[in-house]
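The model shown is predicted, which means the values in this text are computed figures rather than measured ones. Throughout, protein chains are lettered first and strands after them, A, B, ... in sequence-line order, and every chain is numbered starting at 1.
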Amino acid sequence: MVSTNEYVPHAAGYVDNKGPKIVTSRFPHEDSHTLVRALATGGYDGLKDAIRRTPADVAGEVKNAVLLGRGGAGFPAGIKWGFMPPVWPRYLVVNGDESEPGTYKDRLLMERDPHQLIEGCVIACYALGLNQCFLYVRGEMAVAQERIAQALNDAYAAGYVGKNILGTDVSIDVVLHWGAGAYIVGEETALIESLEGNRGMPRLKPPFFPAAKGLYMKPTIVNNVETLANLPWLMVNGADKFKTYGSEKSPGTRMLAISGHVNRPGVYEVEQGVVTFRDLFYGEQYCQGIKDGNELKAFVPGGGSAPWFFEDQLDVPIEASEVGPQGSMLGSGAIMVMDETTDIVKACLRLVRFYARESCGKCTPCREGTAWEEKVLQRILDGHGRPEDLDLLLEIGQSISPGVYPVAGFKGEDLDPVPFPPKQTTICPLGPSSVAPITSAVRRFRSEFEALIPETVVLENLS
Amino acid sequence: MSTTESTEAVTGVPFFLNGQALSANDGELLIDACERNGVHIPRFCYHERLTPVGMCRMCLVEVDTGRGAALQPSCMLPVTPEMKVNTETEATKRAQSGILELFLINHPLDCPVCDKGGECPLQDNAYAFGPGETRFVEEKRHYEKPIPISDLVNLDRERCILCDRCTRFSKEVAGDPLIHFIDRGNETQVNTFPDHPFSSYFSGNTVQICPVGALTATPYRFKARPWDLTATESTATVDSTGARIALQSSRDEMVRVLGVDSEAVNWGWLSDKERFSYEAANSDARLTEPLAKAGSSFDSIRWNNAIGQTAKALSIGSDRVGVLGGARLSVEAQYVWSKLLQGSGISNVDANIGDGIAADLVLGLPKTTIAEAVAPGSIIVLMAPDPKEELPTLFLRLRHAAVESGVTIVEITPTATSLTTHASLSIHPAPGSLGAVTEAMANQLFGTSVGGVDGSDLEAVAATIAKGSTDGSNVTVIVGRSNLAESADFVSDAVQSLLRLAPEAKFLPALRRGNLMGALEMGLTPEFGPGGNPSDEPGLDTEAILRAAVNGKIDTLLLLGADPIADFPDRNLVTSAFNEVNTVVAVDTFLTDSSARADLVLPAAGFGEVDGSFLNLEGRLSPLQAKVTAKGQARDDWMIAAEIAESLGMDLGFTTLDEVRSDLSASIPSFGAVDWDALGRSDDGPLLDQGRTWSVDFGSRTEVPAVDGYGLALAVDRKLWDQGTMIHNSATLAELPEQAQLSVSAIDFEKLGVRDGEVVTIESGSIRADVGVVADTGLPRGTARIHFRLPGLDIGELIDCEQSVTTIRVAR
Amino acid sequence: MSRLNTANETLAKEIIARYPRPKSALIPLLHLAQEQDGYVADDAMLHLAELVGVEPAEVLGTCTFYEMFKREPVGKYILNICTNLSCQLTGGEELLHHAEKTLGIRPGDISDDGLFTIEDVECIAACTEAPCMQVNYRYEYRLSTDDFDQVISDIRAGKRKDLPEHGTLGLVRQHIPADRLAGIESPEEAGTPDWFASRQPAPDESGKA
Ligand SMILES: Cc1cc2nc3c(=O)[nH]c(=O)nc-3n(C[C@H](O)[C@H](O)[C@H](O)COP(=O)(O)O)c2cc1C
Ligand code: SF4
Ligand code: FES
């Protein structure tokens, strides 16, 4: 069994922390991606279980379990499923586009256990009464595509997918689809556009809530890979057992990727709401402390789009309902740790550059604003900043995300945290996400920016 | 205006706008509801006739639907009961000025040299809602300055604000997605596929709706500045749709035509022919003085001399005069000419130059309107030429009906058309079998196949057409001449059969020539007098006039803006006629193939130079207004007629247009109620004559020709861009017509054993011609198609209108 | 370069048949074109436009939205070096500079031997294994500059048989045998699956479900 962060060729980054395993139980097996291994370890038992029940019953089990979406927004899957009007055809689209900075879990699930995912898909299709599922894998993930293709071919041949599943009249197709490099396509309406063969530009919600008007304007559920990977276990073990893990508001486990300046970065499956960030960063079964014994400077609690946390938030439990009110989000379970050696301006620019590069170009504030932010930050970093640039950066942020931006409180500034999410002048949250690193960094580390601005230096010299 | 019927809502949706209690229509978008109530919300991407996309974010306003105020795009938000909207709050203003600032950071500030400067929504909004100054000190985005994306349109990507209007229009409305967003994010641009120009018939609309100067029209570039322009409302006369336009001039020269949103007709859209052929009016080739033939050239003569000679030529004996044309004229001029000819006893008058359908079908069949024809749930039978080629703005309405309103279209056409992909059923009877095919449907005798159409297809089409009788569906037949190489009598036969199948069917005549409806109404047709009254002694129609001429029975041929040498399908007949007559008099704006052969040429004032009115294919009256003074000595057609009358000793009593109009109103009942003064103001124009119908005299059925097993039956139709006078004389349009070619079905193509584009010899009777051949999946086996009046081949040479169908043989 | 060859055209049709609407297959088909030629050629796009029934401009619009599609030839091996935050914190930018120096090229360029193109990419979902790189979309984790040099010399020495040439993604394709397909219908034609209707709870006496 894996128990270190040593490079493990077959599951790079995965760390077995000896906690309860719902979605990673097969990971330690080197051949965990094969049908043989899946079948030897209870694979497709959940599907067998589901298909003996009525679809409504299966959907009820999911609703009961309060399975929160693992794609970012954390919306309960069972409730989302309930939003579908009684209209056919309807579709299930699996979001395997994983591109949020810091996020690394769906790829592991797809590469390490494609059958678990496929089983989850078929269970969901069954519960939702639909016969077409599209599994959208990020374009750059060649191995995940390969593994899923192989798994689908095997599962079709073995009768777990396709016509007359398990010898019943139930027939469901699962089609592997893959992208071609565009972060925005992770956003569910953009994902749907992309799946229609278009540019991945998000649609406005309302009116285009996928559950009502999704793929081909038909009711569509978009679920994250990890969300669906929970279903086989859930079918076998039931909602009540599921709820014995995690917290009341966030039952079950989550896969968290902790990267950056920690001693043992890795992907951990942890119970939600039970551990805090401090446990995670310093705990022996987790990251084992900040790199080189350095001080923590800041951390991103839920992917590049999340406003930053600082040492003041270390004791917040890792659970959406706790992180949100503190001014950030748990998002996609991507935690990035910055220690005292971090060049904050560079880090801030790097995240902003990401949003500027990945803006789809649809909404003016995001298309123009993110690029402008990047230019100003680059200029500051290059030593050509002006004193007014920091306020300008915040002002541009106001044009994308008006009002007080979500922030975490910290010592030295007597502000209550402003809860997540931010307001936005855009269709989707990509543009506003660029404001997160700026607001966090400029507010907390303003002097580090000012130190790079020549005029400021001159003024200091004068006084 | 919204795309739905603009009925005032009985049950309004109550909402609050800046504190004031108001009511919106059901489903009305907030941006429209505010506008109707006098509050203009700035916008860029929103356009009333396009699907909202909500991407520019300019129209954000604060909206509270019970969960607290939030910024919402008003262009995507239908008003809901008790919605509280605030367009004046700090948050709204902050958002609007923030977005404008972002729009401007990369926008080149080249307003002084921009075509749009002075009428630019970006400029206007920047003044009204913008931040005042920019804080952007970085390098702006750069692209190569204007690039031509077609012969007519140039694109300056630096000015583009990515509103998606042009691209949405091209896809949604025109169905020609030849321009698209390319690249991503901050680098997004509008562009075409490499070497695939934006050659859409509707490209000019994108120039009109572009909210900045990113798209400019080649004919208009650098021609004028907006503040030098004056405008008047008028009607496009290049076809019979009657699209409403604004005609703009600068220094007494027409420089631009814009579409005007008429709910009934064109919804603001124009074809490029309607938009750009005004260029011809400015052409140096315009006729500016009366001319008399002197040997092989012309001498200019004085007007009174020209009038006198014309009067003399007309008084040669009423049955020895033939008059062709009149569709170019205004209704008023048609009326005066009609009175003049009647007064002279001349009844050989035909505005239909042998390339249309019988006048009694146009005047006598129960008519409908475009709006009724495309009402949701309706059925449209297309038995006419490809509307995209001949009536492009009508095509847009039909396409919209099929794509958006679920209107069922069935086609009975010789070949596939631009609507085929949207039609639920398309049948292509072999040339000569239109009557037999429709008759089989009326008799419910389908058999295995009739006229090359499968029995089961026939049955399906018949069942659809008969739906009007079975479930009361609205059935409209668009009827026209879809094959110039096939006798028009088949169309009459087909109409007769369709009326048996669907007695409640209504009709829209697919007339190609601009004011042909007016000409027929005013009596410029052998069988009817003004107001559609059947003549006691019908005269000869065009074909009969030409035959009479060949037989030496016509001395004078008067051409009222007609060019029969180019337009009459049978070239040999028309040229022989010209050779035989003594005198040809042409009243025209250009020297055409025909007027160049005239003995006497009278220069007429043309489009944009005359006041008057226009009757479209629905029978809707709309204004023609003069914007510039007529070229040289060119005169109004009605004045020319009045002077000839005077010279003939007839006093028509007209010295002003108003006098013509009151006489017209007094003598033709359907014009009795026309408020002439209101014509230029009213939105859609009054609809005349909807009630009048009488039984059409269909005559006896036409013989179905025997099929020649070795030949191909010819289908000849027209393209939008042909060598017509207006196109030929418009500097920018003249290059657009493509080379003529022969299209055959894939099977026939294979049988010929030729290469794509290979030149073959086609032969009909003793006439031969060479032309390139291509395969076309839209053609049924056994039919060959050639477009009329394209460079490279004069197909009229091969058509003999004594034959009801023209058959050709093809040899390598 | 070219339109799809016959084998790829057959494959393209199989892919198109898996979708309710042909245009949905566009991204996989663009990958197929790129697999054939190493980049997406204009002629290939014209061919795809025919195959899925859209205008070439629409294919171009889709193609250019996505980073992975190259419209010009690139090196046989694309080295995607991540510099996003997790990698930046652990040396990703240094790795990129090292790559630029070693290969003598800037991101987007092709090395003189035609073998390599480097790209400065966004997060590639291996953050815990930073700094990392993909070679033709296969991962190299926790990469030191020495490791990088090793990868380069191995490729040059022909030792990396595990790496397909640029354009080829997954080496396994999904293939659904006709007798195993549940059935793909257009959204206009498709309805409620029979099995679902029959598994709905029967309405009780009161008529309620
Ligand atoms: C800019 C943006 C990017 C996103 N990227 C992803 C992604 O890569 N993977 C994912 O599952 N969800 C992503 N999401 C969230 C999805 O929109 C959607 O909420 C999610 O797929 C729903 O699945 P769940 O309910 O199972 O969590 C993204 C959202 C936004 C706004
Ligand atoms: S060219 Fe004009 S109409 Fe087209 S997207 Fe740009 S600004 Fe809009
Ligand atoms: S006008 Fe509403 S978003 Fe553009």
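Contacts between A:Arg379 and chain B at a heavy-atom distance below 4.5 Å involve the side chain alone, from C-beta outward. Only the side chain of A:Pro207 comes within contact range of chain B, with heavy atoms under 4.5 Å apart. Of the two parts of A:Pro365, the backbone and the side chain both hold a non-hydrogen atom closer than 4.5 Å to a non-hydrogen atom of chain B. Contact annotation for B:Leu100: neither backbone nor side-chain heavy atoms come within less than 4.5 Å of a heavy atom of chain A. Heavy atoms of A:Thr370 lying under 4.5 Å from chain B are absent altogether. In this structure, chain A has a heavy atom under 4.5 Å from the backbone of B:Ile161, while its side chain stays farther away. Contacts of B:Pro78 with chain A are absent, with no heavy-atom separation under 4.5 Å from either backbone or side chain. Within the 4.5 angstrom heavy-atom criterion, atoms from both the backbone and the side chain of B:Phe181 approach chain A. Both the backbone and the side chain of A:Glu395 come within less than 4.5 Å of a heavy atom in chain B.
Chain B forms the most heavy-atom pairs under 4.5 Å with one residue out of A:Gly361, A:Pro202, A:Pro206, and that residue is A:Gly361. When the candidates B:Arg141, B:Gln72, B:Met58 are compared by the number of heavy-atom contacts under 4.5 Å with chain A, B:Arg141 comes out ahead. Contact tally against chain A (heavy-atom pairs below 4.5 Å) for B:Glu101, B:Glu187, B:Glu139, B:His180: the top residue is B:Glu101. Highest contact tally toward chain A, considering only B:Thr188, B:Ile105, B:Asp164, is held by B:Ile105 [criterion: heavy-atom pairs under 4.5 Å].
Counting heavy atoms of neighbouring residues, nucleotides and ligands inside a 6.0 Å radius, atom CD of B:Glu172 exceeds 12 of them. Annotation for A:Asp382: atom CG counts as buried by contact number, over 12 foreign heavy atoms lying within 6.0 Å.
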Criterion side chain to side chain contact (heavy atoms under 4.5 Å, CB included) on B:Glu138 and A:Val376, from CA distance to verdict: CA-CA 8 Å; B:Glu138 331 293 331; A:Val376 174; 3.6 Å; yes

Residue pair B:Arg94, A:Ser399: steps toward the side-chain hydrogen bond (donor to acceptor under 3.5 Å, both in side chains) verdict: CA-CA 8 Å; B:Arg94 171 68 184 81; A:Ser399 294; 3.2 Å; yes

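In this structure, A:Glu368 CD and B:Leu162 CG are separated by 7.5 Å, a value rounded to the nearest 0.5 Å. A distance of 11.5 Å separates OG1 in A:Thr364 from CG in B:Asn106, rounded to the nearest 0.5 Å. Between the CG atom of B:Leu102 and the SG atom of A:Cys363 there is a distance of 11.5 Å, given to the nearest 0.5 Å. For the atom pair CG (B:Asn186) and CZ (A:Arg357), the distance works out to 13.0 Å, reported to the nearest 0.5 Å. Distance CE/B:Met76 to CZ/A:Phe208: 5.0 Å, rounded to 0.5 Å.
At distances below 3.5 Å, not a single donor-acceptor pair connects side-chain atoms of A:Arg367 with backbone N or O atoms of B:Arg184. Looking only at distances, no side-chain donor or acceptor of B:Arg135 sits under 3.5 Å from a matching main-chain atom of A:Leu392. Of the possible polar contacts, none joining the A:Lys375 side chain to the B:Phe136 backbone as a donor-acceptor pair under 3.5 Å is found. With hydrogens and angles disregarded, a donor-acceptor distance shorter than 3.5 Å links the side chain of B:Arg57 to the backbone of A:Thr425.
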